[in-house]
Amino acid sequence: MMKTITSLSVSGLVLIASLTDCRNSAQNDVVQAYDTIPLTKHWESPIPNQEVPPGLVSLLASDCGVCHTEIYEEWKQSTHAVAFQDMQFQAEWRKDSVSVCLNCHTPLQNQQKYIVTGFLNGDYKAPVQHPNPEFDKTLQQESITCATCHVREGNIIGTTGESDEMHQTIKDVGFLSEKLCISCHNVVDQLNPVLVCTFESGDEWKNNWAAEEGKSCITCHMAEKERPIVLDGQIRKSRYHGFPGSGIPKFYDAKVDGLNGLEILEDKPMVVYTPGDTLFYTLTVKNSYAGHKVPTGDPERFFLIIFAMSDHDGNVVKKETHRIGEVWQWYPEAKQLSENNLKPLEKRIYTFTYVIPEVHVLTLMIEIEKHRMTEENARYNGILGDYPLFISVFSRKHEIKIKR
Ligand code: HEC
Ligand code: HEC
Ligand code: HEC
Ligand code: HEC
Ligand code: HEC
């Protein structure tokens, strides 16, 4: 799918120039001690420095928000708005200073301190770079901002091309489509032996019911709303800009919307049992609502299904845990060990059994939790305790009586 980078290794260490210069220099036969590998993959380069569209005062979301107030408030709640400040991102990015991380988390060149033109010997930790005169620190803090998706070459890209002449607007429905989402949400690459990028939400979405029914990333993650898009504007077709996803907050006090992909069905236990009977409980989970696997994207995400039977004193007498997600080994070489994510429309049945003893009453608890990452990983990143790791998405309690 992608070119191998080594086949393009030619230009030299001293060549700190623009991307085009690097590529042109490939024709020279200059042999250098280190080879600068030019950038070849779309996510190796940011979106070039953008100009402020005529009529506007800056590229900042906070300035778009002066007129597009409601959309701005929604976007501020989204994880897109904090993709750079995110604690885990900062911990990982600081450790390795891999510049390419910035191209999806602060995607405009204006948001990046340095212009990167290549990598020494193809090492992602050794960028060839020079200062960016257009760097804007305030814009950097806005992470995936309005301009990421709406500003190109002095224009605002929209879906109607109309803006009441407040700013120059062009209509480009093809640009504002799932292709935009997939450009960041579908990348698979091994950056070095211990660093991999695996987001496959786009591939998971293609060729399944959602794509066939014309439901794209935007249909589900930017719900349609009829409303004015500016203060005192006309009511028109609009879309919610909170980009709900997992629903796992980034901060303990944050209020976030999430989506739910799972249809959950219980086959409840009977109410009364006789000692010696076997209790059967079945839980069916089906990925009925997500247009891709559940979980999707970040390989650290997983669901835990917990069954716990406790006696009348509250002591757990039997517990079973099931995990849905990927398992990776990160050292000495990153590699996927297993994966059991639910494919679109896939159903899985979990059964819990228990032989009823001579007691009065038992309580069966069922819990489904959605996790951002393991505690071990949070500890490794130095953020354990500061970063919400999971939410509960299903919780039930069944009292069981025993006839004696
Ligand atoms: C410039 C790259 C980029 C583009 C374009 C982009 N995203 Fe994202 N998206 C990200 C990153 C990075 C995150 C993770 C931010 C974080 O967790 O700190 C994210 C997070 C999300 C989440 C939240 C995931 C969660 O954990 O809950 C959803 C939903 C989402 N994006 C949907 C979309 C949709 C829909 C589009 C297209 C309209 C889109 N994204 C376009 C980079 C991008
Ligand atoms: C001075 C007020 C103002 C500011 C600031 C402003 N806009 Fe607008 N914008 C408007 C108006 C007015 C419309 C048209 C409203 C309507 O269609 O009802 C509009 C329309 C749009 C549209 C829809 C265009 C279409 O094709 O339908 C987009 C997208 C947009 N603006 C994005 C932005 C972004 C991004 C920024 C900041 C970089 C921004 N705007 C700043 C006033 C503003
Ligand atoms: C048919 C609706 C639907 C479509 C289409 C869809 N999604 Fe989702 N998406 C969901 C639901 C529902 C969830 C929440 C799943 C859950 O955690 O239960 C979700 C979760 C996510 C998450 C959060 C990651 C996670 O596992 O917690 C990301 C990121 C995401 N979607 C991106 C995308 C992208 C990119 C596309 C387009 C290629 C897309 N989605 C298409 C419904 C959809
Ligand atoms: C991750 C990409 C992304 C980001 C970030 C983003 N938008 Fe949008 N926006 C879209 C897409 C996609 C559409 C068009 C959806 C459609 O109708 O198909 C859109 C539509 C719009 C529209 C047209 C009316 C509507 O609601 O559909 C306006 C106005 C707008 N965005 C303003 C903003 C502003 C202001 C910000 C920042 C506060 C922002 N957007 C951030 C992707 C984005
Ligand atoms: C090709 C675009 C891309 C690149 C490059 C990229 N990311 Fe991301 N990153 C994403 C997307 C998309 C998500 C959201 C995935 C999801 O929620 O399914 C994300 C999410 C994250 C998260 C949040 C995880 C969570 O649980 O919410 C962290 C941390 C992160 N990335 C770190 C990094 C680091 C460190 C690098 C560089 C080594 C990097 N990213 C490079 C696209 C990218």
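These numbers come from the heavy atoms of this one structure, side chains and all, not from hydrogens, waters or symmetry mates. The first residue in the sequence is number 1, and the count goes up from there. As the structure lists them, so they are numbered: ligands from 1, and atoms in each ligand from 1.
A salt bridge links E346 with R348: at least one charged nitrogen is closer than 4.0 Å to a carboxylate oxygen. Here E300 does not pair with R372 in a salt bridge; the nearest charged N to carboxylate O distance is not below 4.0 Å. Taking the charged nitrogens against the carboxylate oxygens, K335 and E333 have no contact shorter than 4.0 Å, which rules out a salt bridge. Using a 4.0 Å cut-off between charged nitrogen and carboxylate oxygen, E320 and K318 count as a salt-bridge pair. Between E339 and K293, at least one side-chain N (NZ, or NE/NH1/NH2) sits under 4.0 Å from a carboxylate O, which counts as a salt bridge.
At least one N/O/S atom of H105, from backbone or side chain, sits under 2.8 Å from atom 8 (Fe) of ligand 5. Note on H167: counted as a metal contact of atom 8 (Fe) of ligand 2, an N/O/S atom lying under 2.8 Å. Here C67 fails the criterion, with no N, O or S atom under 2.8 Å of atom 8 (Fe) of ligand 2. Within the 2.8 Å limit, H80 places at least one N, O or S atom next to atom 8 (Fe) of ligand 1.
Between F243 and H221, the gap from one ring centroid to the other reaches at least 6.0 Å. F119 has its ring centre less than 6.0 Å from the ring centre of Y124.
Of the candidates H68, Q234, E165, H68 brings a heavy atom nearest to atom 20 (C) of ligand 2. The closest heavy-atom contact to atom 4 (C) of ligand 1, among the options C184, A81, S216, comes from C184. Counting heavy atoms only, R372 comes closest to atom 25 (C) of ligand 5 of the residues E44, E200, R372.
For ligand 5, the atoms closer than 4.0 angstrom to any heavy atom of G297 are 18 (O). Distances below 4.0 Å separate heavy atoms of C104 from the following atoms of ligand 1: 1 (C), 2 (C), 12 (C). Proximity to I229 (heavy-atom distance under 4.0 Å) selects the following atoms of ligand 2: 15 (C), 16 (C), 17 (O), 18 (O), 20 (C). Within the listing of ligand 2, atoms 14 (C), 20 (C), 24 (C), 25 (C), 26 (O), 27 (O) sit less than 4.0 angstrom from a heavy atom of E162. Within the listing of ligand 1, atoms 10 (C), 11 (C), 12 (C), 42 (C), 43 (C) sit less than 4.0 angstrom from a heavy atom of I144. Each of the atoms 35 (C) of ligand 2 lies under 4.0 Å from some heavy atom of C146. Each of the atoms 29 (C) of ligand 2 lies under 4.0 Å from some heavy atom of I157. Close contacts of ligand 2 with H150, meaning ligand atoms under 4.0 Å from a residue heavy atom, involve 29 (C), 35 (C).
The aromatic rings of F390 and H371 lie parallel to each other, their planes meeting at an angle below 30°, with 60° marking the opposite boundary. Between F307 and H322, the angle of the ring planes goes over 60°, which puts this pair in the perpendicular group of the 30/60° scheme.
Protein heavy atom closest to atom 27 (O) of ligand 2, with residue, atom name and distance, is T160 OG1, 2.5 Å. Among protein heavy atoms, the minimum distance from atom 36 (C) of ligand 1 is reached at C181 SG, 2.8 Å. What sits closest to atom 32 (C) of ligand 2 on the protein, heavy atoms only, is I156 CG2, 3.5 Å. Atom 41 (C) of ligand 5 has its closest protein heavy atom at C101 CA, 3.6 Å. Closest to atom 37 (C) of ligand 2, if we only count protein heavy atoms, is C64 SG, 1.9 Å. At the shortest separation from atom 17 (O) of ligand 2 among protein heavy atoms lies R236 NH1, 3.0 Å. For atom 28 (C) of ligand 1, the nearest non-hydrogen atom of the protein is F243 O, 4.0 Å.
Of the possible polar contacts, none joining the T296 side chain to the H292 backbone as a donor-acceptor pair under 3.5 Å is found. Using a distance-only test at 3.5 Å, with no hydrogens or angles considered, a donor-acceptor pair links the side chain of E74 to the main chain of H241.
Not one N or O of H221 is nearer than 3.5 Å to an N or O of ligand 1, by distance alone. Taking only nitrogen or oxygen atoms, main chain and side chain alike, G161 reaches within less than 3.5 Å of ligand 2. Distances between N or O atoms of S163 and those of ligand 2 include no value under 3.5 Å. The shortest N or O to N or O distance between S58 and ligand 2 is not under 3.5 Å. Between S183 and ligand 5, no N or O atom pair is found at a separation short of 3.5 Å. In terms of polar-atom proximity, defined here as any N/O pair under 3.5 Å, Y387 makes no such contact with ligand 5. Considering backbone and side-chain atoms alike, D63 places every N or O at 3.5 Å or more from each N or O of ligand 2.
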Step by step, work out the side-chain hydrogen bond (donor to acceptor under 3.5 Å, both in side chains) result for N121 and D35. CA-CA 5 Å; N121 285 338; D35 282 342; over 6 Å; no

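Taking 4.0 Å as the cut-off, R301 counts as a neighbour of ligand 1 on heavy-atom distance. Residue N103 places every heavy atom at 4.0 Å or more from ligand 5.
Here the shortest heavy-atom pairing between N208 and P344 reads ND2-CG, 3.5 Å. Across S392 and E367, no two heavy atoms sit closer than the pair OG-OE2, 2.9 Å.
If you look at V187 next to ligand 5, the close heavy atoms, those under 4.0 Å, all belong to the side chain. At a heavy-atom cutoff of 4.0 Å, ligand 2 is contacted by the side chain of V230 but not by its backbone. Contacts of F199 with ligand 5, taken as heavy-atom pairs under 4.0 Å, involve the side chain alone. Residue contacts with ligand 1, taken as heavy atom pairs separated by less than 4.0 Å, involve P244 solely via the backbone atoms N, CA, C and O. Only side-chain heavy atoms of K250 come within less than 4.0 Å of ligand 5; its backbone N, CA, C and O stay farther off. The part of D86 lying near ligand 5 is the side chain, judged by heavy-atom distances below 4.0 Å. Counting heavy atoms closer than 4.0 Å to ligand 5, residue T296 contributes backbone atoms (N, CA, C, O) but none from C-beta onward.
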